[in-house]
Amino acid sequence: MYGLWHPRVLGAWRVPAAGPVILAVNHSHAVDGPMLMGTAPRPVHFLIKKEAFVGPLDPFLLRIGQLKVDRSGTDRAAVTNALGILERGDVLGIFPEGTRGEGDFASLRAGLAYFAVRSGAPVVPVAVLGSTGRRGRLISALPPLRGRMDVVFGDPFQAGDGSGRRTRTALDEATVRIQQRLTTHLENARRLTGRAG
């Protein structure tokens, strides 16, 4: 990532140095996940759609510890593997919106709340900014090569209410708390980096 672009990483010290952590990342471009993996202070294991595991990418993604997920339904193997990452004290990366979009955390799926409440791992919001807006001259599908991109880590927080409840209501409440924190972090990151919404 540092060879292709000029990432500016802000707040990486906020990621706990040890123990389970969930990085909740906005997702507006295909380069957002690799950019976070290349700049995060700890190795990150992402839940990635199974369609990305094709050809030579399949063994490569598996070898670097990425998790294949079938988004057509509840993928129990992916859920078990993701919880295993957190139980080992490692870092799980999640795109809370479930798919690429505006990258504004406007519509979160329940998966992030489930993993956060079930594991008790803190959630660290991450804003990847600069991957959209301008197209590269050499490869139009990518941001301009050697251009600046910002990766902004926020303060870790607990998604649950401290009661230990794992009911549907508790997960819904956790999703609302998560969305508020992620949206606030994104707004703050945009102000900090001087990037418009």
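Just so you know, these numbers use all the heavy atoms, side chains as well, and skip hydrogens, waters and symmetry mates.
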Novice: I want to check something: taking the side chain as every heavy atom from C-beta on, are Phe46 and Leu61 in contact at a cut-off of under 4.5 Å?
Specialist: no
Novice: In Å, rounded to the nearest 0.5 Å, how long is the span from CD1 of Ile22 to CD1 of Ile85?
Specialist: 11.5 Å
Novice: Where do Arg118 and Leu83 land on the side-chain contact (heavy atoms from CB on, under 4.5 Å) test, with the steps shown first?
Specialist: CA-CA 8 Å; Arg118 172 84 187 268; Leu83 288 172; 3.4 Å; yes
Novice: To the nearest 0.5 Å, how far apart are CG in Leu23 and CE in Met37?
Specialist: 11.0 Å
Novice: Could I get the full list of side chain to side chain contact (heavy atoms under 4.5 Å, CB included) partners for Ala12, not counting sequence neighbours?
Specialist: Val9, Pro41, Phe153
Novice: Kindly indicate whether the side chain of Val124, heavy atoms from C-beta on, has any atom under 4.5 Å from the side chain of Pro16.
Specialist: yes
Novice: Is a side-chain N or O of Arg8 found less than 3.5 angstrom from the main chain of Asp150, in a donor-acceptor match?
Specialist: no
Novice: Out of curiosity, Thr184 OG1 to Asp155 CG, how far, rounded to the nearest 0.5 Å?
Specialist: 11.5 Å
Novice: If you measure from CG on Asn26 to CG on Leu36, what distance do you get to the nearest 0.5 Å?
Specialist: 9.5 Å
Novice: Do Met35 and Val151 make a side-chain contact, defined as non-hydrogen atoms from C-beta onward lying under 4.5 Å apart?
Specialist: yes
Novice: Residues two or more places apart in sequence or in another chain: which of them pass side chain to side chain contact (heavy atoms under 4.5 Å, CB included) with Ala82?
Specialist: Leu47, Leu67, Leu92, Phe115
Novice: What residue among His185, Gln180, Glu187 forms side chain to side chain contact (heavy atoms under 4.5 Å, CB included) with Thr183?
Specialist: Glu187
Novice: Are Leu182 and Val176 connected in the hydrophobic side-chain network, where two residues link if heavy atoms are under 4.5 Å apart?
Specialist: no
Novice: Are Asp58 and Lys68 close enough for a salt bridge, meaning some N to O gap below 4.0 Å?
Specialist: yes
Novice: Check for a donor-acceptor pair, side chain of Asp90 on one end and backbone N or O of Val44 on the other, with a separation under 3.5 Å.
Specialist: no
Novice: With distance as the sole test, does His45 use its side chain to make a donor-acceptor pair with the main-chain N or O of Gln66 at under 3.5 Å?
Specialist: no
Novice: If every non-hydrogen atom of Val123 is compared with every non-hydrogen atom of Ala159, which pair is closest and at what distance?
Specialist: CG2-CB, 4.4 Å
Novice: With heavy-atom distances below 4.5 Å as the criterion, would you say the side chains of Glu87 and Ser119 are in contact?
Specialist: no
Novice: Is there a chain of hydrophobic side chains (I, L, V, M, F, W, Y, each step under 4.5 Å between heavy atoms) that links Ile64 to Leu62?
Specialist: yes
Novice: Pro43 and Val91: which non-hydrogen atoms are nearest, and at how many Å?
Specialist: O-CB, 3.4 Å
Novice: Mind listing the closest non-hydrogen atom pair of Leu112 and Ala24 along with its distance?
Specialist: CD2-CB, 3.7 Å
Novice: Distance from Lys49 atom NZ to Phe95 atom CZ, nearest 0.5 Å?
Specialist: 10.5 Å
Novice: Who pairs with Val117 by side chain to side chain contact (heavy atoms under 4.5 Å, CB included), at least two apart in sequence or on another chain?
Specialist: Arg166, Leu171, Ala174
Novice: Step by step, would you call Leu129 with Leu186 a side-chain contact (heavy atoms from CB on, under 4.5 Å)?
Specialist: CA-CA 9 Å; Leu129 304 171; Leu186 184 59; 3.9 Å; yes
Novice: Let me see the working for Leu192 and Val152 under side-chain contact (heavy atoms from CB on, under 4.5 Å), right down to the final yes or no.
Specialist: CA-CA 9 Å; Leu192 178 67; Val152 185; 4.2 Å; yes
Novice: Give a yes or no on whether Arg88 atom CZ has more than 12 heavy-atom contacts from other residues, nucleotides or ligands under 6.0 Å away.
Specialist: yes
Novice: Would you say Leu10 ends up clustered with Val15 if hydrophobic residues are merged whenever their side chains have heavy atoms under 4.5 Å apart, either directly or through other cluster members?
Specialist: no
Novice: Start with the C-alpha distance between Arg42 and Val21, add both sets of side-chain angles, then the distance that settles side-chain contact (heavy atoms from CB on, under 4.5 Å), and finish with yes or no.
Specialist: CA-CA 10 Å; Arg42 294 175 60 187; Val21 179; 3.5 Å; yes
